[in-house]
Number of protein chains: 2
Amino acid sequence: MAAATIKDVAREARVSVASVSRALNGGGGVTAATSARIHAAAERLQYIPHAAARMLITRRTHTVGALLPDLYGEFFSELIRGIDLAARARGLHLLVSSSHGGATEAAAAVRSMQGRVDGLLILSERVDTAFLRANLPKALPVVLLNSAVSGPAFHVINIDNHGGAVAMVRHLLQAGHRSVALIAGPPGNFDASERERGYREAMARYAPRAALTVVAGDFTEESGYRAGQQLLARTKRPAAVFAANDMMAVGCLAAFKDAGARVPEDIALAGFDDIPITRYVTPALTTVRVRIADFGRLALERLADVVEHPGQETPSADTLGFEIVVRDTCGGNKPEQNS
Amino acid sequence: MAAATIKDVAREARVSVASVSRALNGGGGVTAATSARIHAAAERLQYIPHAAARMLITRRTHTVGALLPDLYGEFFSELIRGIDLAARARGLHLLVSSSHGGATEAAAAVRSMQGRVDGLLILSERVDTAFLRANLPKALPVVLLNSAVSGPAFHVINIDNHGGAVAMVRHLLQAGHRSVALIAGPPGNFDASERERGYREAMARYAPRAALTVVAGDFTEESGYRAGQQLLARTKRPAAVFAANDMMAVGCLAAFKDAGARVPEDIALAGFDDIPITRYVTPALTTVRVRIADFGRLALERLADVVEHPGQETPSADTLGFEIVVRDTCGGNKPEQNS
DNA sequence: GGCGCCAACGTAAACGTTTTCATGCGGACT
DNA sequence: AGTCCGCATGAAAACGTTTACGTTGGCGCC
């Protein structure tokens with residue numbers, strides 16, 4: 001016995017399919033009596049409208065797609081959680097697709113989502129304006145997450161990498177540390193370069209005479225460890241270290257411990273992201289928190305708005321707030337807030 | 001200019017729509033020459049088949065759904081990653097839906113996925129056989145993850161909670177600890193009860209004369225902290241503590257530290273899950289690892305098989321392997337392996 | 001040279017909806 | 001009492017694809 005169709009319901013309720021559709025969807029144009037009869041029949045037959053047929057005629061899928069570079073780690077877990085929560089609240093389905101290394105792969109993913117989604121959330125290093133223009137049907141609403149493409153062409157929502165970095169460096173300086181070194185992220189990475197820009201700007205503004213120290217890193221724990229060793233080996237040790245993300249800060253902390261340097265007495269340390277681990281290392285890591293779930297939620301809501309009112313909204317660039325969360329690795333005790 | 005349809009391609013290539021369909025999908029029944037002409041035309045028009053229309057006629061969505069209770073934490077991050085990887089490898093899309101507290105909510109989720117997916121991955125405390133029979137169209141392939149429903153009615157894949165617990169308790173005993181206490185998980189939770197069953201069985205088998213000590217917990221860090229305090233307050237302290245999950249072990253470790261008890265010298269400790277944090281607490285936590293990404297991958301592959309060959313496979317119950325990962329909280333040094 | 005067969009291709013039905021348009025009917029207003 | 005309007009309802013088209021079936025043409029074989 002195959003699933004019941006709208007025709008079955010119509011027959012059962014002794015009306016036409018049109019009336020069934022009206023009674024179940026629109027609401028208008030049907031007597032209360034017939035509507036009740038139709039609902040009863042639908043209930044009896046366990047009728048569930050065929051999604052594909054509806055999509056075909058309606059041109060709406062009630063689904064949004066999320067294109068992500070990878071799903072590794074707490075960041076994406078939280079991001080998806082936020083997106084999913086918001087989608088659920090709006091009655092939207094969520095189609096996820098990850099692991100888009102190259103541009104070709106991403107292009108294939110976009111193509112394969114064609115017609116299955118009403119809009120797209122894209123978080124990827126690789127996509128730029130040219131790519132989007134080439135691969136996106138221009139009718140498809142898109143919101144870019146944490147993307148370097150700024151122009152007025154697309155909706156963008158970014159984490160406040162720059163602001164967070166400025167605030168953290170300022171916090172370290174105000175805590176009394178004369179010099180602050182940076183462990184940078186991978187070259188070419190948007191988050192990394194924005195955080196480095198924030199570091200440089202804050203140093204120039206709040207400690208114009210201090211030397212700039214930047215050692216390389218790639219966001220991994222190992223690179224943080226190596227960076228920590230390098231920093232200790234220098235003749236002029238910095239008073240504080242700002243790692244461009246928490247994983248590197250954790251690695252750096254291990255290097256300091258192994259070398260017998262006390263944190264924060266001998267050298268202060270701070271990270272970026274506020275991943276859960278930061279609370280459990282000893283001493284607990286000072287870092288800048290971004291509410292990732294909110295990030296996802298915001299992105300989905302913006303996308304949903306664009307889907308509802310196509311072309312009305314002028315592309316906007318939002319930036320998500322952050323907080324400096326002071327724990328035990330930074331020495332000072334001046335909490336700071338920003339949102 | 002709307003998206004190109006198959007008719008546009010047919011006109012462009014001066015053939016019928018049927019030939020276009022054959023050339024692009026099946027392969028058979030078309031001359032090489034015409035096929036080339038069709039492909040060229042499709043390329044020129046940037047033709048992408050309308051997914052919904054295809055679903056409607058084909059009755060295949062090339063999409064699987066994943067019903068999850070929540071998306072919080074590293075566990076689900078990894079699970080989704082594994083599922084997504086396998087889905088991508090099979091050319092399937094992934095529709096996720098989380099936050100299903102109650103049964104009604106889960107039922108609604110199942111209904112709303114109706115017709116959008118070829119099969120369903122379900123991980124939920126609340127669903128039992130009765131629920132599934134009531135809410136699932138019996139044609140829809142389903143694979144249950146970590147579920148208590150055993151019967152021969154559904155495909156099930158479980159983590160080896162029982163085996164892992166047995167192995168860990170045995171490991172603690174073999175490391176020389178006379179007594180092992182358990183910090184239990186929330187009552188009614190499947191994982192929790194299986195792990196407790198493993199604890200009791202291992203104690204009965206390997207330390208039949210030792211007293212059983214079970215204190216309550218609910219998988220949260222706080223409950224682990226409280227349990228740790230309770231255990232220290234006892235007149236007869238256990239030599240080792242097995243927490244039913246890592247978060248509780250971490251909380252318990254904090255309680256021991258705060259009370260001045262040395263780990264593992266004064267009291268040994270072990271967890272379950274191998275979440276990333278376990279590597280970063282001091283001392284690093286001994287635990288039992290389950291490869292969650294593999295878990296997801298396996299589940300999806302089984303589901304894909306069922307989708308391909310409907311009704312052929314007899315419902316199977318698989319169990320995923322585990323490893324004891326020995327770190328610094330358990331005192332002994334006898335690694336053990338099992339898969 | 002006629003017959004039949006096979007491959008290539010076209011025609012049209014079908015999938016399950018939504019929606020536009022037509023139809024009929026009752027009641028209110030002139 | 002006749003006309004008109006509005007409202008509930010039904011018939012049918014449309015969405016874009018796949019596929020069963022029919023048609024054509026060419027070629028081999030007798």
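Keep in mind the model is a prediction, meaning the values are calculated, not measured. First the proteins, then the strands, lettered A, B, ... as listed; each starts at 1.
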### Message
Among A:L120, A:V117, A:L300, which residue satisfies the side-chain contact (heavy atoms from CB on, under 4.5 Å) criterion with A:V64?
### Response
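The single option meeting the side-chain contact (heavy atoms from CB on, under 4.5 Å) with A:V64 is A:L300.
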Has [X] got a side-chain N or O lying under 4.0 Å from the OP1 or OP2 atom of [N]?
X: B:S16; N: C:dC9; result: no
X: B:S19; N: C:dG10; result: yes
X: A:R59; N: D:dG16; result: yes
X: B:R54; N: D:dG16; result: no

Counting only side-chain heavy atoms from C-beta out, which of [options] sits nearest to [X]?
X: A:K7; options: D:dT19, C:dT18, C:dT17; value: C:dT17
X: A:T31; options: C:dT19, D:dA8, C:dA14; value: D:dA8
X: A:T58; options: D:dC15, C:dT18, D:dT9; value: C:dT18
X: B:R22; options: D:dT9, D:dA20, D:dT17; value: D:dA20
X: A:A18; options: D:dG10, D:dT17, C:dG16; value: D:dG10
X: A:I57; options: D:dC15, C:dT19, D:dT17; value: D:dC15

Nearest-Å distance, [atom1] ([X]) to [atom2] ([N])?
X: B:I38; N: D:dT17; atom1: CD1; atom2: P; answer: 14 Å
X: B:L24; N: D:dT19; atom1: CG; atom2: P; answer: 13 Å
X: B:H50; N: C:dT17; atom1: NE2; atom2: C1'; answer: 13 Å
X: B:R60; N: D:dT19; atom1: CZ; atom2: C1'; answer: 17 Å

### Query
Would you say the side chains of A:R22 and A:S35 form a donor-acceptor pair under 3.5 Å?
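Not at all, the side chains of A:R22 and A:S35 share no donor-acceptor pair under 3.5 Å.
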### A:R88 and B:S97 side chains, donor-acceptor separation under 3.5 Å
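There is such a pair between these side chains.
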### Message
If you assign each of A:V15 and B:P49 to its closest nucleotide in DNA chain D, which residue comes earlier from the 5' end?
### Response
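Nearest nucleotide further toward 5': that of A:V15.
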### Message
With nearest nucleotide decided by heavy atoms, which residue, B:T34 or A:A52, maps closer to the 5′ end of DNA chain C?
### Response
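This one resolves to B:T34.
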#### Entry: Closest-nucleotide ordering on DNA chain C, the 5'-leading residue of B:G29 and A:N25
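Taking each residue's closest nucleotide, the earlier one in sequence belongs to B:G29.
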### Task
Tell me, with the steps shown, if B:R116 and A:T61 meet side chain to side chain donor-acceptor pair (under 3.5 Å).
CA-CA 10 Å; B:R116 314 179 87 98; A:T61 64; 5.1 Å; no
### Query
Is any side-chain heavy atom of B:V156 closer than 4.5 Å to a side-chain heavy atom of B:N158?
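Yes, at least one pair of side-chain atoms sits under 4.5 Å.
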### Task
Please work out if B:T5 contacts a base, only the sugar-phosphate, or nothing of the nucleic acid, heavy-atom cut-off 4.0 Å.
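The answer is sugar-phosphate, as B:T5 gets under 4.0 Å only of primed atoms, P, OP1 or OP2.
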